[in-house]
Amino acid sequence: MTTILVTGAAGLLGGEVAAALAARGHGVIGLVRKNRTVRHGDGEEIETRDWNGSAPAPGEVALVTGDVGEPHLGLAEQDWRELAAQAETILHCAAVVAFDAAPEIYAAVNVGGTRHMLDLARLRPGGPAGFVHVSTAYVCGERQGEVAEDGGEAPVHFANPYEASKAEAESLVRQAIVGGMPAALARPSIIVGRQSDGAIGAFDSIYMAFRLLAEGRIRTIPAEPGATLNFVPLDHVVKGLVRIAERIEEASGRAFHLVAGSPMPVDDFFALVRSYPQFANPELVTPERFDLDMLSPAERRFHRRVAVLYSSYFQRNPLFLEDNIEKLLGRSGPAANGEMMRRQIDFAIRAGFLPVESVTA
């Protein structure tokens with residue numbers, strides 16, 4: 001049994017990871033900020049207690065309130081040091097995942113938060129704690145083709161400031177590895193619901209784009225021929241993170257792509273959307289042919305405010321290699337095919353997030 005500190009424990013990914021680690025007999029300290037409700041990815045609430053300075057028992061989740069954006073997480077000095085002494089491994093999930101946050105927010109949370117958690121790991125008596133940093137596969141930026149987990153050329157351009165902030169945070173972790181910390185980088189792609197039934201506890205990020213498409217608010221999409229979408233089920237990501245945390249000494253110094261074994265062609269995704277009679281019928285055009293002036297005023301507003309945040313994902317074809325994670329898990333990620341994605345859409349319909357009836361009815 002290991003005591004593992006999970007940041008962002010009240011978030012979608014952090015809650016599921018905390019639950020999975022507790023189910024495997026680890027003592028979990030969950031760092032939360034305002035929301036103290038920790039849930040499974042399907043929305044089921046997880047039983048927790050307040051962290052009072054005592055280490056959690058095997059299978060227990062104890063919550064401590066703090067802010068990764070603050071030095072010492074905003075904790076009193078004694079609590080900061082006690083937390084460092086208890087955390088044998090840190091699994092750092094907390095981050096701002098929106099694509100349109102202010103630059104200072106990314107700097108404070110995604111970059112500064114990583115720096116503060118590394119400071120906590122270094123403070124552990126007897127040597128640094130293990131450290132698993134949850135990044136994104138899209139730290140490759142706008143690179144195309146094969147993307148290795150380790151090494152490779154640095155991206156010239158990022159599609160959004162979120163990707164850039166994650167790349168900067170990764171550089172801090174790499175510096176810590178050079179300094180002797182047992183640390184690894186975990187890089188999920190576009191996280192969707194469970195593979196078996198599409199269940200997910202919160203509809204955010206890419207799901208907002210799904211709804212705009214389904215409701216017909218966005219009817220014209222600039223997309224490159226041959227572009228792919230790398231959708232990965234939540235449960236594959238969680239299994240990978242748990243395995244990396246449990247085997248951090250073996251995983252140290254490496255990056256792990258938690259991605260689909262084969263991505264979904266953009267054309268196939270839109271064919272799936274069109275197969276639902278209640279959904280709108282979006283048109284794909286090449287970026288060269290796309291012109292905001294050809295859109296209606298309402299659609300133009302949605303493109304400027306929302307669709308532009310996700311448009312790059314319909315124009316890229318990164319092929320994420322999985323050599324490291326295959327060795328650790330014994331398998332690659334599941335295919336992001338029409339069958340798996342239909343389960344995601346069907347769950348979102350049952351949950352009331354996507355329309356049950358035609359938006360024009």
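The structure displayed is predicted, hence computed values, not measured ones. Excluded from the calculations below are hydrogen atoms, water molecules and symmetry mates; all remaining heavy atoms, backbone and side chain alike, are included.
- With hydrogens and angles disregarded, a donor-acceptor distance shorter than 3.5 Å links the side chain of Asp150 to the backbone of Ala255.
- The minimum heavy-atom distance linking Ala22 with Val28 is given by the pair N-CG2, 3.8 Å.
- Taking the six-membered ring for Trp and the full ring otherwise, Tyr138 and Phe320 have centroids separated by under 6.0 Å.
- Under a cut-off of 6.0 angstrom, the local environment of CD in Glu77 is crowded, with over 12 non-hydrogen atoms contributed by other residues, nucleotides or ligands.
- Remark: side-chain polar atoms of Gln278 are paired, donor with acceptor, to backbone N or O of Pro355 under 3.5 angstrom.
- The pair Glu60-Arg49 meets the salt-bridge criterion, with a side-chain N (NZ, NE, NH1 or NH2) lying under 4.0 Å from an Asp/Glu carboxylate O.
- With a 6.0 Å radius and a threshold of 12 heavy atoms from other residues, nucleotides or ligands, Glu146 has its CD atom at or below the threshold.
- Separating the CG atom in Leu321 from the CG atom in Leu319 is a distance of 7.5 Å, to the nearest 0.5 Å.
- Residues Tyr106 and Val111 are not in side-chain contact: their nearest non-hydrogen atoms beyond the backbone lie 4.5 Å or more apart.
- Criterion: ILVMFWY side-chain heavy atoms under 4.5 Å apart, direct or through other members. Under it, Val178 and Leu118 are not part of a common hydrophobic cluster.
- Under a hydrophobic-cluster definition in which Ile, Leu, Val, Met, Phe, Trp and Tyr are linked whenever side-chain heavy atoms come within less than 4.5 Å, directly or via other members, Ile244 and Val139 are assigned to different clusters.
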- Could you go step by step and tell me if Glu299 and Arg219 meet the side-chain contact (heavy atoms from CB on, under 4.5 Å) rule? CA-CA 8 Å; Glu299 187 177 357; Arg219 295 181 176 272; 3.8 Å; yes

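- For an aromatic pair to be called close, the ring centres must be under 6.0 Å apart, and Phe203 with Phe210 fails this.
- Put simply, the residue from Arg187, Lys166, Glu170, His92 that forms a side chain to side chain donor-acceptor pair (under 3.5 Å) with Ser135 is Glu170.
- Note that CG of Leu328 and CZ of Arg247 are 4.5 Å apart. Values are rounded to the nearest 0.5 Å.
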- Task: Output, in order, the C-alpha distance, side-chain angles, deciding distance and verdict of side-chain contact (heavy atoms from CB on, under 4.5 Å) for Tyr162 and Val96.
- Result: CA-CA 8 Å; Tyr162 165 73; Val96 173; over 6 Å; no

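- Counting non-hydrogen atoms of other residues, nucleotides and ligands closer than 6.0 Å to CD of Glu47 gives a total of 12 or fewer.
- You'll find the side chain of Pro334 stays beyond 4.5 Å of the side chain of Met340, heavy atoms only.
- If you take CD1 on Ile218 and CG on Leu213, they are separated by 7.5 Å, rounding to the nearest 0.5 Å.
- Rounding to the nearest 0.5 Å places CG of Leu21 at 8.5 Å from CG of Leu241.
- Side-chain atoms of Glu149 do not come within 3.5 Å of backbone N or O of Arg254 as any donor-acceptor pair.
- Looking at heavy atoms from C-beta onward, Pro287 lies in side-chain contact with Glu224 at the 4.5 angstrom threshold.
- Of all non-hydrogen atoms in Val237 and Pro188, the two that sit nearest each other are CG1-CG, 3.9 Å.
- In this structure, Cys140 and Val147 approach most closely via the heavy-atom pair CB-CG1, 3.9 Å.
- Of the possible polar contacts, none joining the Arg143 side chain to the Pro155 backbone as a donor-acceptor pair under 3.5 Å is found.
- Distance alone, capped at 3.5 Å, places no donor-acceptor pair between the Gln195 side chain and the Asp235 backbone.
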- How far apart are the C-alpha atoms of Thr89 and His26, what are their side-chain angles, what is the distance that settles it, and do they pass the side-chain contact (heavy atoms from CB on, under 4.5 Å) test? CA-CA 11 Å; Thr89 300; His26 299 289; over 6 Å; no

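- At distances below 3.5 Å, not a single donor-acceptor pair connects side-chain atoms of Asn110 with backbone N or O atoms of Ala95.
- You'll find the side chain of Phe290 reaches within 4.5 Å of the side chain of Leu295, heavy atoms only.
- At distances below 3.5 Å, not a single donor-acceptor pair connects side-chain atoms of Glu82 with backbone N or O atoms of Asn52.
- No donor-acceptor pair closer than 3.5 Å links the side chain of Arg81 to the backbone N or O of Leu123.
- A donor-acceptor distance shorter than 3.5 angstrom exists from the side chain of Gln315 to the backbone of Pro222, with no hydrogens or angles considered.
- Counting heavy atoms from C-beta on, the side chains of Phe270 and Ile221 come closer than 4.5 Å.
- Ring planes of Tyr207 and Phe353: perpendicular class, angle over 60° (limits at 30 and 60°).
- The closest side-chain heavy-atom distance from Ile200 to Gln344 is not below 4.5 Å.
- The two residues Ile248 and Pro182 make their nearest non-hydrogen contact at CG1-O, 3.5 Å.
- Within a 6.0 Å radius of CZ in Arg122, more than 12 heavy atoms belonging to other residues, nucleotides or ligands are found.
- Between atom CG of residue Leu91 and atom OG1 of residue Thr7 there is a gap of 7.5 Å, rounded to the nearest 0.5 Å.
- His116 and Glu70 form no side-chain donor-acceptor contact under 3.5 Å, judged by distance and modelled atom types alone.
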- Take Met117 and Leu5 through the test side-chain contact (heavy atoms from CB on, under 4.5 Å) and record every step on the way to the result. CA-CA 10 Å; Met117 295 312 302; Leu5 170 61; 3.7 Å; yes

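- Considering all non-hydrogen atoms of both residues, Phe231 and Val192 come closest at CD2-CG1, 3.9 Å.
- Side-chain contact check for Thr37 versus Glu45: some heavy-atom pair is nearer than 4.5 Å.
- At least one side-chain heavy atom of Leu73 sits under 4.5 Å from a side-chain heavy atom of Leu83.
- With respect to the salt-bridge test (charged N to carboxylate O, under 4.0 angstrom), the residues Arg343 and Asp346 do not qualify.
- Side chains of Tyr310 and Asn160: a donor-acceptor N/O pair is absent below 3.5 angstrom, by distance only.
- When Asn230, Leu272, Asn337, Ile190 are each tested for a side-chain contact (heavy atoms from CB on, under 4.5 Å) with Met264, only one passes: Leu272.
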- ring-ring contact (aromatic ring centres under 6.0 Å, His included) assessment of Tyr313 paired with Phe269: CA-CA 12 Å; Tyr313 293 88; Phe269 173 72; over 10 Å; no

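- Proximity of a side-chain donor or acceptor of Arg274 to a complementary backbone N or O of Pro282 within less than 3.5 Å is detected.
- Taking a 6.0 Å sphere around CD of Glu339, one finds it holds 12 or fewer heavy atoms contributed by other residues, nucleotides or ligands.
- Taking all atoms of both residues into account, the shortest heavy-atom contact from Phe158 to Ala164 is CD1-CB, 3.7 Å.
- Taking CG of Leu63 as the start and CD1 of Ile46 as the end, the distance is 9.5 Å to the nearest 0.5 Å.
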